[in-house]
Amino acid sequence: GADAEGEHLRAHVAQRGVGVGALQTDARLPTGSSFLVCVGKSEHDHVAFVFRGANDRLEVDDAALKGLRARWVYLTAQSGPRWGSNLRNAYAFARRTGAQVAFNPGAKQLAEGRRGLERLLQQTQVLLLNKDEAIELALSGIRLGKRHPGFLNKPVYLLNILSEWGPKVVVITDGERGAHAIAGGSVVHVPAVRRRVVDTTGVGDAFGAAFLAGYLHGGDLKRAWQWGAHNAANVLTKIGAQAGILTRAQLLEQVRGKS
């Protein structure tokens, strides 16, 4: 929105070296906001009440993408009335420019199931999901027959099913049990980094962003896992989604200390 909150957010990200040249501003609606309630001393769960505001007017079209160049496009949860066209246009941009796509779908995308997402998944380099999301997506595209769906609780089945749909790398996070991935037919598991949990807000996003950053930095899954796990673990120790995010230098230091 064209308001004080929007200006604060623009300055906040710019101060951290994030380019704001393609940031869209809409004067007709206020800047979106979220109110979170964190509950449970043992579960550390949270509930988010979201007002999308100007986010509902986000438009990813040719005009918005004109002049942009990128080696990677990282797409997370999409919502709002234009989410479908925005998602398709982002993938079309990646095809035109040769960019690779990392995709962390949200509830609306998962509801489309295999049929609605398969063409996009075939263009996806890295697919990032938590275990519940992976189960939901897998169930949309397989026939169970006489099998009990409980077999999908084993990540190896989920990884093999989803990788057959096109993504080159599939990553499934599983809370305190760590994360699992498949790439080139090889399945790997990495344990979680143990930290004192204060708040789980933004942990999945922290893992996904740092995983991709690590993948870009070294081009291998081991580095990507380490970066994702350490960033997610540090976010767990702080209140909110941003306070615990590690810089590149901090990630390099922490990973070096564990290697």
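We use all heavy atoms of the structure for the numbers below, so side chains are in, but hydrogens, waters and symmetry mates are not.
- Using cut-offs of 30° and 60° on the angle between ring planes, the pair Y91 and F103 is perpendicular.
- Between L252 and R223 the shortest side-chain heavy-atom distance falls below 4.5 Å.
- The aromatic rings of F49 and F35 sit tilted relative to each other, their planes meeting at an angle between 30° and 60°.
- Judged by distance alone, with hydrogens and angles left aside, the side-chain atoms of N231 form no donor-acceptor pair with the main-chain N or O of A210 at under 3.5 Å.
- For the 3.5 Å distance criterion, the side chains of R10 and T25 qualify, holding a donor opposite an acceptor.
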Practice task
List the steps and the verdict of side chain to side chain donor-acceptor pair (under 3.5 Å) for T97 and R69.
Solution key: CA-CA 7 Å; T97 61; R69 292 291 182 270; over 6 Å; no
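- The distance from the CG atom of L129 to the CD atom of E136 is 9.5 Å, given to the nearest 0.5 Å.
- L162 and V190 fall into different hydrophobic clusters, where Ile, Leu, Val, Met, Phe, Trp and Tyr residues are linked whenever their side-chain heavy atoms come under 4.5 Å apart, directly or through other members.
- Under a 3.5 Å cut-off, the side chain of S140 and the backbone N or O of G113 do not form any donor-acceptor pair.
- Judged by distance alone, with hydrogens and angles left aside, the side-chain atoms of D26 form no donor-acceptor pair with the main-chain N or O of R57 at under 3.5 Å.
- Of all heavy-atom pairs spanning D3 and P30, the tightest one is OD2-CA, 3.4 Å.
- In this structure, F207 and W225 have tilted ring planes: the angle between them lies in the 30° to 60° band.
- In this model, no donor atom of one side chain and acceptor atom of the other lie less than 3.5 Å apart for T173 and N130.
- Under the 3.5 Å distance criterion, the side-chain polar atoms of R194 are matched with a main-chain donor or acceptor of E176.
- A side-chain N or O of Q123 and one of R95 form a donor-acceptor pair less than 3.5 Å apart.
- Looking only at side-chain heavy atoms (C-beta outward), L87 and Q109 come within less than 4.5 Å of each other.
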Just list the side-chain donor-acceptor pairs under 3.5 Å for residues 11-18, sequence neighbours left out, or say none.
from: H12; atom 1: ND1; to: R16; atom 2: NH1; distance (Å): 3.2
from: H12; atom 1: NE2; to: Q242; atom 2: OE1; distance (Å): 2.9
from: R16; atom 1: NH1; to: H12; atom 2: O; distance (Å): 3.0

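- Two residues are said to be in side-chain contact when any heavy atoms from C-beta on lie closer than 4.5 Å; I182 and V156 fail this criterion.
- Side chains of S79 and R52: a donor-acceptor N/O pair is present below 3.5 angstrom, by distance only.
- Separation of the W227 and F211 ring centroids does not fall under the 6.0 Å cut-off.
- Between Q122 and K168, the shortest heavy-atom contact is O-NZ, 4.0 Å.
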